[in-house]
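Here the structure comes first, spelled out in structure tokens, and everything after it is commentary.
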Amino acid sequence: MQTYTEQGILDILKEIPDPEIPVISIVDLGVIRKINITNNGVDIDITPTYSGCPAMKQMEDDIISALKQKGIENINLKMVYTPAWTTDWLSTDAKERLRKYGIAPPQESTTDKSFITGKTKEIKCPRCGSLHTEMVSQFGSTACKALYKCKDCLEPFDYFKCI
Ligand SMILES: [Zn+2]
């Protein structure tokens, strides 16, 4: 007797904020790959963002507790590693909210490997829009972000790294 739908589940998940960036939901983040209602409960496929990102465990706990609150039991979370998550899966709307929150959203293309080659590139300041910025540290407030500083407004900001 299922009393919920895949869309209904998705709507619940949309209310769950990213543990590290509260302005975007885990659905915006693009980690929810598939929701499948079965006779026994619900199967949810999740693709982790950064491998070893400590936020993943938090996300799993949040998903289970949010669904249980709605009376949904037998939740089967499955980690799916291929295709690998990329920052391209962030919704356009989520990127805009990141910027307003003060985090420079990832650049469009994941073909950019500047962090691997060691070259830095121009990252737009989320506050004033200046391209006159510099990387202060490869690691910002979390391992998923790099710390930048704007040379115009002098504000430091996080840049959500592309992968
Ligand atoms: Zn600035």
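Please read all numbers here as calculations on a predicted model, not as lab measurements. When a ligand or atom number is given, it counts from 1 through the structure's own listing order. One is the number of the first residue; the rest follow in order along the sequence.
Between Ile21 and Arg97, the closest side-chain pair of non-hydrogen atoms is not below 4.5 Å.
Rounding to the nearest 0.5 Å gives a distance of 13.0 Å between CD1 of Ile63 and NZ of Lys68. Between Met79 atom CE and Thr47 atom OG1 the span is 8.5 Å, to the nearest 0.5 Å.
When distances to the Zn ion (ligand 1) are checked against a cut-off of 2.8 Å, His132 contributes no N, O or S atom below that limit.
Between Cys150 atom SG and Cys125 atom SG, the angle centred on the Zn ion (ligand 1) amounts to 110° (nearest 10°). The angle Cys128:SG - the Zn ion (ligand 1) - Cys153:SG amounts to 120°, with values rounded to 10 degrees.
Side-chain atoms of Asp28 come within 3.5 Å of backbone atoms of Ser25 as a donor-acceptor pair (strictly under, hydrogens ignored).
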